[in-house]
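Read the structure below first, then the notes.
Note that the structure is predicted; figures quoted are calculated from it, not measured. First the proteins, then the strands, lettered A, B, ... as listed; each starts at 1.
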Amino acid sequence: MRLSRLLSKTLREDPSEAETASHRLMLRAGMLHQVAAGVYAYLPLALRSLAKIERIIREEMDAAGGQEVRMPALHPLDLWQATGRDQTAAAILFQLRDRRGRDLLLAPTHEEVVTSIVKANAASYRDLPLLVYQIQTKFRDEPRPRAGLLRGREFDMKDAYSFDADWDGLDRSYQSMVEAYSNVFRRCGLPTMAVEADSGAIGGKDSHEFIMPAESGEDLVLHCRASGYAANVERAKSIPPPAPEPDPLPLALTDTPGVITIPDLARFLGIPEAQTLKAVFYQADGQTVLVTIRGDIEVNEVKLKNHLRANDLRLAGPEEARAAGLTPGSTSPIGIEGVRTIADESIRQGANFAAGANQPDKHYVNVNYPRDFNVDEVADIARAQAGHGSPDGAGMLEEVRGVEVGHVFKLGEFYADALGASFIDADGAPRSIVMGCYGIGVTRLLAAAIEQNHDDRGIVFPAPIAPYHLHLVSLNPDQEQVREAADRLYDDLRADGLEVLYDDRQESPGVKFNDADLLGLPVRVVVSPRNLRDGVVELRARRGGEPQRVPASEAAALARAMLAEG
RNA sequence: CGGGGUGUGGCGCAGCUUGGAAGCGCGCCUGCAUGGGGUGCAGGAGGUCGUUGGUUCGAAUCCAAUCACCCCGACCA
């Protein structure tokens, strides 16, 4: 492609609406055109990268036995009513109505449709297992689209669905997809980590996310180098540092004027925060819940929500707490009745804690569980954090930020049951199909790749997903011998099967070099009067390193060697 | 949904407080020079100032409503 003919132009200045690196660079490089909030046109350079990502995905899905289909984006609402997701997913559904008044939606995902397809085609255990996938546009009315392609309202996803006769089969399908995903990300040149993930309300038993480390990522992962344990913070277990364990002393009430926060309390009493207990109140589906946890640990609201099996969980306000008979600033479960009480497992260890006295300006000291109070339930509801021990005891946890580029789940029988997708087993009895689902955010992956691979000059594409292999630059193209040599090299490189973006514009060297750095193709090839005089062309890797000067006839071979290095 | 911010040529912005002929930089077009890291000089084209309504002799500027976009939070299979 000749740059002089390319649809898009580069921008010298950062667009004001973009803050995230990938968003900013994709706009500057002319890969994207924003049409509405979270809605983008993919311009030629972006589309070429996406096509390469999709190709790798297809090859790995096919290798894993997948069969590609294409399902509609437009769904009748009643299909979603069958699973109740018209309600549970209502917040993100784009809904519309046709001319006859029939309710439709733009699909955010395809479990219902794919299950109905399999229901119509798989009647016997002989038809299973099946792995069906598609690459298709999804629509989600996100509360807040952001960061360009990282969180859009219309985006491309590869979604795959496995259908097995039993849970052992699902385990095999799931494992096969985990391996396929690892292959996809490795082949794209994009290191990711598979981490344990929260599986959500209907998620079944196992779930993993594939996280690409990047500063701008929305996800937080707890990772142990020693054991390899890795989990999303929503799910991560941990061993907090132990609290002091002195001999138990008698419970005592003490004045703590003006002391409300845990840091204040610890300072006032001269004890570590790990020797305090804090109380947090939540509204769970309208019910007030009192949560007790060690003072130096935060509540993990996802764990709490799962434990409570609550649909809606939020912090209760001071008024709601008082209405339930609690004393904000000095609450504890000691002597509390009539409120559901949950405690984190951290209260089991340690002794002589300080805790609220349920009256203003007073706290208890030397609180010991279960001697001095009891709770309805004790569960793991702690937020793991850096510095905690790995749950396998192998070492310390670190926190890693990243972008979720893939997610796999064992769904189980939920959709099959809701939609009546059963099969006849070898004994002639009807059984529910056991299902898994597996997603890769294709457009998000492109953005994440740029988040992970850029410098202050621009994008640094991994070779496998770069829009073109080579960025051919001619300097002083108004000199006939330069133009002719560059044209010839352009033809020769392409004839050799290389993908070349040819900057044939009448621009100054600085402009051309800066654009080459911005676009970030893996190898830059320079044809200039100076090089011609020496009978060479110059190749340089975008990732860095010294330029290499070789005769034009050797350029293709050298380029291939450089591309192979990434 | 709560909080904050921004809408002025293709892009980035000033002008608005205190109403009185729409500006700057980049990009774009023409010409000349230049030619290894956003080159220089000269000339030129391009704007319903988001929209609607109001105040006023007069509105980019003041008032109201509304729409859009961005950021933080909530939310997020």
Atom-pair distance (CD on A/Q506; P on B/U39), nearest Å: 15 Å
Candidate nucleotides B/C28, B/C71, B/C69, ranked by approach to the side chain of A/A37 - the nearest: B/C69
Starting the side chain at C-beta, find the nucleotide from B/G37, B/C69, B/C26 nearest to A/R12. B/C26
Check: A/A89 main-chain N/O paired with A/D86 side-chain donor or acceptor under 3.5 Å: no
For a quick check of understanding: with a heavy-atom distance under 4.0 Å over all strands, which category does A/I92 fall into, base, sugar-phosphate or nothing? nothing
Do A/N453 and A/L190 have side chains that get closer than 4.5 Å, going by heavy atoms? yes
Between B/A74 (C1') and A/R146 (CZ): distance, integer Å: 10 Å
Show me the side-chain donor-acceptor pairs of residues 511-520 of chain A shorter than 3.5 Å, one per line, residues at least two apart or across chains.
{"residue": "A/K512", "atom": "NZ", "partner": "A/S474", "partner atom": "O", "Å": "2.5"}
{"residue": "A/K512", "atom": "NZ", "partner": "A/S474", "partner atom": "OG", "Å": "3.3"}
{"residue": "A/K512", "atom": "NZ", "partner": "A/D503", "partner atom": "O", "Å": "3.0"}
{"residue": "A/K512", "atom": "NZ", "partner": "A/R505", "partner atom": "O", "Å": "2.7"}
{"residue": "A/N514", "atom": "OD1", "partner": "A/R457", "partner atom": "NH2", "Å": "2.7"}
{"residue": "A/N514", "atom": "ND2", "partner": "A/G510", "partner atom": "O", "Å": "2.8"}
{"residue": "A/D515", "atom": "OD1", "partner": "A/T10", "partner atom": "OG1", "Å": "2.9"}
{"residue": "A/D515", "atom": "OD2", "partner": "A/T10", "partner atom": "OG1", "Å": "3.3"}
{"residue": "A/D515", "atom": "OD2", "partner": "A/R505", "partner atom": "NH1", "Å": "3.3"}
{"residue": "A/D515", "atom": "OD2", "partner": "A/R505", "partner atom": "NH2", "Å": "2.8"}
{"residue": "A/D517", "atom": "OD2", "partner": "A/R457", "partner atom": "NE", "Å": "2.8"}

Where each residue is assigned the nucleotide of RNA chain B containing its nearest heavy atom, which of A/R151 and A/A36 is assigned the position nearer the 5′ end? A/A36
Gap in Å between the two P atoms, one belonging to B/C67 and one to B/U48, rounded: 24 Å
Atom CG of A/L32 and atom P of B/C11: how far apart are they, to the nearest Å? 15 Å
Give me the distance, rounded to whole Å, that separates B/C11 from B/C70 when you measure between the P atoms they each carry. 15 Å
Categorize A/A90 for me: base, sugar-phosphate, or nothing, with a 4.0 angstrom heavy-atom threshold over every strand shown. nothing
Roughly how many Å apart are B/A22 and B/U6, using the P atom of each and rounding to a whole number? 24 Å
Between A/Y181 and A/F210, what is the ring plane arrangement, given parallel below 30°, perpendicular above 60°, and tilted in between? tilted
Walk me through whether A/E111 and A/R85 qualify under side-chain contact (heavy atoms from CB on, under 4.5 Å). CA-CA 10 Å; A/E111 283 81 2; A/R85 291 212 300 177; 2.9 Å; yes
Pairing partner of B/C1, by Watson-Crick or G-U wobble and under 3.5 Å for both distances, is B/G73
Once you round it to whole Å, what is the distance between C1' of B/A74 and OH of A/Y282? 14 Å
Any A/Y42 side-chain heavy atom under 4.5 Å of A/L446 side chain: no
Do A/R540 side-chain and B/G36 base share a donor-acceptor contact under 3.5 Å? no
Across the strands shown, which category fits A/E507 at heavy-atom distances under 4.0 angstrom: base, sugar-phosphate, nothing? base
For B/G36, does the base pair up with any side-chain atom of A/N531 as donor and acceptor (N or O, under 3.5 Å, distance only)? yes
d(CZ, A/R533; C1', B/G36) in whole Å: 11 Å
Return the value, rounded to whole Å, for the distance between atom CZ of A/R549 and atom C1' of B/G36. 11 Å
Counting only side-chain N and O atoms of A/R144, is one of them less than 4.0 Å from OP1 or OP2 of B/C76? no
The answer to which of A/E19 and A/L11 contacts RNA chain B further toward the 5' end, by nearest nucleotide, is A/L11
The side chain of A/D517 lies closest to which of these nucleotides: B/G37, B/G36, B/U39? B/G37
Please tell me which of the listed nucleotides, B/G37, B/G35, B/G36, lies nearest to the side chain of A/R524? B/G37
Take atom C1' in B/G47 and the same atom in B/A14, then report the distance between them in whole Å. 15 Å
Which of B/C69, B/G27, B/G36 is nearest the side chain of A/E538? It is B/G36
What interatomic distance, in whole Å, is found between C1' of B/G38 and the corresponding atom of B/G27? 12 Å
Check the orientation of A/Y174 and A/H208. Use parallel for under 30°, tilted for 30 to 60°, and perpendicular for over 60°. tilted
Side chain of A/F513: nearest nucleotide among B/G73, B/A77, B/G36? B/G36
B/C13, OP1 or OP2 - any side-chain N/O from A/S16 closer than 4.0 Å? yes
Mind checking who B/G25 pairs with, Watson-Crick or G-U wobble, both distances under 3.5 Å? B/C11
Pairing nucleotide - B/U6, Watson-Crick or G-U, each distance under 3.5 Å: B/A68
Out of B/A74, B/A77, B/C70, whichever nucleotide has its closest atom nearest the side chain of A/R85: B/A77
Is the shortest side-chain N/O distance from A/Q34 to OP1 or OP2 of B/C70 below 4.0 Å? yes
If you check the A/K305 side chain, which of B/C76, B/G36, B/G38 turns out closest? B/C76
Between A/F409 and A/H407, how do the two ring planes meet: parallel, tilted or perpendicular, split at 30° and 60°? parallel
How many Å lie between CG on A/D141 and P on B/A74, as a whole number? 19 Å
Tell me the interatomic distance from A/H407, atom NE2, to B/C76, atom P, rounded to whole angstroms. 14 Å
In terms of side-chain heavy atoms of A/D478, which of B/G35, B/G12, B/A77 is nearest? B/G35
When the C1' atoms of B/G20 and B/A60 are considered, how many whole Å apart are they? 13 Å
Should B/A33 form a Watson-Crick or G-U wobble pair with both distances under 3.5 Å, which nucleotide is its partner? B/U39
Paired nucleotide for B/C62 [Watson-Crick or G-U wobble; both distances under 3.5 Å]: B/G54
Between B/A77, B/G38, B/C72, which one does the side chain of A/N514 approach most closely? B/G38
Mind checking the C1' distance from B/C41 to B/U34? Whole angstroms is fine. 11 Å
Please state whether the phosphate of B/G35, meaning OP1 or OP2, lies under 4.0 angstrom from any side-chain nitrogen or oxygen of A/S508. no
Distance between the C1' atoms of B/A68 and B/C29, in whole angstroms? 32 Å
Mind checking whether A/H75 and A/H110 have parallel, tilted or perpendicular rings, split at 30° and 60°? perpendicular
